[in-house]
Every structure is written in C-alpha cells, then in structure tokens.
**Student:** 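Pasting a structure here, questions to come.
Note that these values count all heavy atoms, side chains included, but never hydrogens, waters or copies made by symmetry.
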Amino acid sequence: MEPEIAPVSSFDPFSAAFDAAHAAAQAGEVPVGAVVVRGGALVAVAGNRTLRDCDPTAHAEMLALRAAAATLGSERLIDCDLYVTLEPCAMCAAAISFARIRRLYFAAADPKGGAVEHGPRFYAQATCHHAPEVYGGIRESEAATLLRDFFRARR
C-alpha cells in the first residue's frame, strides 16, 4: 500500500529548501537546505545538521533522502525530484544516484566541493549506475549570497 503524501497547492520546492537553509544558518550550521518532491507533493525537507548531530554525513541532501525513504518505505525514490540550495558533494551525489532520484535541481554551484558539475563530475563517470537529470543555477545568486554572508559573519 502506497503511503499518503498530501499534495501542496502552489508549492515552491526551492522556497522550502531556502527556508531549511536559513534555519540551518540560525542553528550555526552551513546554510544548505534540501527538499524531496514526488508528484508535486512535499515528501521530505531538511537542512544541514552536521554540528547538531555530531555526524559528518548529516548533509541536507542525506537527511532529506533518508526521511523520504522512510516516508515512502523504500530505498528507491523513483519519480522523486531533489531540490537543494548548493551543488551536492561526492557523498551526496552518490546517495542521489543510489536513491534513483529522477531530477536534481540545485541553486549555487560549488567549484570547491561540488561533485556534479565540478570536481569528480560523479554522474559522468562510467561507474555511475544512475544519473538524474540535472538542472543547476536556479536562484544561484540568492544561494551564493546566503552562503557568502554566513561565512563572512564567521570570520
């Protein structure tokens, strides 16, 4: 039996991801937010929690994928899309592939730590079994400003 997920009218996944990123920043975490959506309905939302959870894998994407898998009762997030405020790192890119995410949308590119359009370009590797459709640069300046302001305040 398929779990019920309430559709959200006029739902903007990136706004939800940015809300999660702002909440992470307020908690002293690097401001990254991620949202999993299926059929126009919100399945999971998370912000970075590496400090709070004392867990180096508690990136927003990982937490959102874990929550979505638990909600849907499957490790395969077929027909799900992921919206994230920063280009995923190699760990998150691999998890996105393993989860069989259909489409990945991200805001800011991450030339230093990203692994989708930068660094290892995970989905272009012959060993990658599943590559989502990728759409980057959506609301990029907003995400870049959020990150830049966060790190500037830390210095």
Side-chain angles (χ1 to χ4, degrees), residues 8 10-38 40-72 75 77 80-125 127-155:
V8 183
S10 66
F11 170 62
D12 175 11
F14 263 116
S15 290
F18 275 100
D19 289 347
H22 284 285
Q26 289 296 314
E29 302 278 0
V30 174
V32 177
V35 171
V36 176
V37 173
R38 186 173 76 178
L42 175 67
V43 178
V45 61
N48 273 357
R49 290 196 325 240
T50 59
L51 299 175
R52 186 187 100 181
D53 294 0
C54 296
D55 180 356
T57 70
H59 291 194
E61 301 96 310
M62 299 294 287
L63 297 171
L65 292 173
R66 288 176 190 151
T71 296
L72 298 175
E75 79 284 7
L77 303 178
C80 289
D81 300 328
L82 178 67
Y83 296 78
V84 63
T85 59
L86 183 65
E87 177 182 356
C89 69
M91 173 185 68
C92 293
I96 291 163
S97 176
F98 295 152
R100 303 300 195 262
I101 288 292
R102 177 178 59 181
R103 292 184 197 104
L104 167 64
Y105 301 90
F106 68 87
D110 186 359
K112 203 170 174 182
V116 176
E117 293 183 348
H118 296 88
R121 299 178 192 260
F122 189 86
Y123 304 128
Q125 301 303 314
T127 55
C128 179
H129 296 291
H130 170 79
E133 293 176 34
V134 176
Y135 303 92
I138 303 165
R139 294 174 66 172
E140 183 168 19
S141 63
E142 180 181 355
T145 299
L146 176 62
L147 287 158
R148 192 170 30 257
D149 291 350
F150 175 80
F151 287 113
R152 185 176 297 130
R154 290 253 182 264
R155 292 182 185 128

**Student:** OH of Tyr135 to OH of Tyr83: how many Å apart, nearest 0.5 Å?
**Tutor:** 10.0 Å

**Student:** So, the side chain of Thr145 versus the backbone of Ser141: is there a donor-acceptor pair under 3.5 Å, distance only?
**Tutor:**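 Flag set: sc Thr145 to bb Ser141 pair under 3.5 Å.
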
**Student:** How close do Ala44 and Ala64 get, heavy atom to heavy atom, and via which atoms?
**Tutor:**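 So the two residues come closest at CB-O, 3.4 Å.
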
**Student:** Per the side chain to side chain donor-acceptor pair (under 3.5 Å) rule, what does the pair list look like for residues 56-69, sequence neighbours excluded?
**Tutor:**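 Found Asp55-Thr57, Thr57-Arg66.
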
**Student:** Give me the atom names and distance for the closest heavy-atom approach of Phe14 to Val84.
**Tutor:** CE2-O, 3.4 Å

**Student:** Between atom CG of Asp81 and atom CD of Glu133, what is the distance when rounded to the nearest 0.5 Å?
**Tutor:**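 Separation between the atoms: 8.0 Å.
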
**Student:** Decide yes or no for Leu104 and Tyr123: does some side-chain heavy atom of the first lie under 4.5 Å from some side-chain heavy atom of the second?
**Tutor:** yes

**Student:** Could you report the tightest heavy-atom contact between Ala90 and Pro120, atom names first, then the distance?
**Tutor:**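 In this case the closest contact between Ala90 and Pro120 is CB-CG, 4.4 Å.
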
**Student:** Keeping Arg154 on the side-chain end and Gly28 on the backbone end, is there a donor-acceptor pair under 3.5 Å?
**Tutor:** yes

**Student:** Rounded to the nearest 0.5 Å, what separates atom CG in Leu65 from atom SG in Cys92?
**Tutor:** 7.5 Å

**Student:** Looking at Glu87 and His118, would you say the former's side chain and the latter's main chain have a donor-acceptor pair under 3.5 Å?
**Tutor:** yes

**Student:** Within this structure, what is the CE-CE distance for the pair Met91 and Met62, rounded to the nearest 0.5 Å?
**Tutor:** 5.0 Å

**Student:** Using modelled atom types only, decide if a donor and an acceptor are shared between the side chain of Ser97 and the backbone of His130 within a distance under 3.5 Å.
**Tutor:** yes

**Student:** Asn48 side chain to Ala60 main-chain N or O, any donor-acceptor pair under 3.5 Å?
**Tutor:**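 A pair under 3.5 Å: yes.
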
**Student:** I need the Phe151 CZ to Leu146 CG distance, nearest 0.5 Å.
**Tutor:** 9.5 Å

**Student:** Sequence neighbours left out, what pairs pass side chain to side chain donor-acceptor pair (under 3.5 Å) with at least one residue falling in residues 104-116?
**Tutor:** none

**Student:** Do Leu147 and Val30 come close enough that some side-chain heavy atom pair is under 4.5 Å?
**Tutor:**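 Heavy-atom side-chain distance check passes, below 4.5 Å.
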
**Student:** Taking all non-hydrogen atoms of both residues into account, name the closest pair between Ala46 and Leu63 and its distance.
**Tutor:**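 Minimum heavy-atom separation between Ala46 and Leu63: CB-CB, 3.6 Å.
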
**Student:** For Gly33, is there any backbone N or O sitting under 3.5 Å from a side-chain donor or acceptor partner on Thr85?
**Tutor:** yes

**Student:** On a heavy-atom basis, which atom in Val35 and which in Pro13 lie closest, and how many Å separate them?
**Tutor:** CG2-O, 3.6 Å

**Student:** Just how far is it from atom CZ of Arg155 to atom CZ of Phe150, taken to the nearest 0.5 Å?
**Tutor:**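 Arg155 CZ to Phe150 CZ: 10.5 Å, rounded to 0.5 Å.
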
**Student:** With a 4.5 Å heavy-atom cut-off, do Thr50 and Pro56 have their side chains touching?
**Tutor:**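 With C-beta onward as the side chain, the pair stays apart.
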
**Student:** Looking at every heavy atom in both Ala93 and Pro88, which two are closest together, and how far apart are they?
**Tutor:** N-CB, 4.1 Å

